[in-house]
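Sequence lines set the chain letters: A, B, ... in the order given, protein chains first and strands last, and positions in each chain run from 1.
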Amino acid sequence: MLPTRPEFVPDASQSRAEMESMQFDVADAATWEDDFPFDAEAVGLADWAPDDAPLVAGVDQAFLDESAVSVVVVMRGGRVIERASAVVDLEIPYVPGLLSFREGNPILAAFEEVEVTPDLVVFDGSGRIHFRQAGLATHLGVVLDVPSVGVAKSLLCGTPRESVDGRPAGWQTDIIADGRVENAASEEVIGHAYQSRQYANEPIVNPLYVSPGHRVSVPTATDLVARLCGDYKLPEPTRTADKYADEVKSSVRG
DNA sequence: GCGACAG
DNA sequence: ATCTTGTCGC
């Protein structure tokens, strides 16, 4: 699979201060400009995607008592090319801001089973929208040195430029760094709220919170996610990974 | 002390 | 994230 950068591999036995310190280093090592070899416009969900279309991986997790089920689903256009999974013991509880230290190693274990090299990885969680701009998508993007984006269903920190309530599909607004983002200039744009979907006469759908993981800019992150959203709120690689994680989970518990 | 907090 | 059936509505 992808080579990893050992100095940034999350270590759940570290102290909280060490974890936070590593996150500053991860943010420094991350690139938030477009740096990928494929054409963003070649990313999509077409069934007829050509053989040279970008490989997009979706990553998701499900949980058992003391272990995590991590899965990676690789798609080319709308087709699943490969699926991989791992079941790994959890070492630490969920702590807001330290998610990559809880879920990072389980996810890396799943990546070890992947045979192809994804061109882009979509994570279920934040990238730059994080207290130290080193959310799950950024941290693992840097460890794997792969272009990545973070897609979160709720906002960890930062402030939307405009109210996000009840917006139509396709709408987006900046997420601006606030005082909680320790290593960002004020007013810096660290991500977008993106309304991927809205259904008529149905309960209001909340927007997605999209942010760069690694090697992708804020506008491109949202553009890529938009290209990956089909008829549902979440990008298709994420939905596919979510289903697969549930399958693996049920098969594991008997 | 109070509030806020991805999955 | 997870515990969980039916049920309302397009």
Do [X] and [Y] make a side-chain contact, defined as non-hydrogen atoms from C-beta onward lying under 4.5 Å apart?
X	Y	value
A:Gln61	A:Ile107	yes
A:Val149	A:Phe123	no
A:Val122	A:Ser148	no
A:Val56	A:Asp119	no

Once you apply a heavy-atom cut-off of 4.0 Å, does A:Arg253 come out as touching a base, just sugar-phosphate, or nothing?
sugar-phosphate
Counting primed atoms, P, OP1 and OP2 as sugar-phosphate and everything else as base, the B/S/- map of nucleotides 5-10 of chain C against protein heavy atoms under 4.0 Å is -----S
Report, as a single string ordered 5' to 3', how protein heavy atoms within less than 4.0 Å touch nucleotides 2-7 of chain B: B base, S sugar-phosphate only, - not at all.
---BBB
Before accepting this row, confirm whether a basic side-chain N of the pair A:Arg79/A:Glu236 lies closer than 4.0 Å to the acidic partner's carboxylate O.
no
A:Arg215/A:Glu33 salt bridge by N-O under 4.0 Å criterion
no
Is it the case that the ring center of A:His192 lies less than 6.0 angstrom away from the ring center of A:Tyr209?
no
Presence of A:Lys249 side-chain N/O under 4.0 Å of C:dT2 phosphate oxygens OP1/OP2
yes
Please check if any side-chain donor atom of A:Arg167 sits under 3.5 Å from a side-chain acceptor atom of A:Gln195, or the reverse.
no
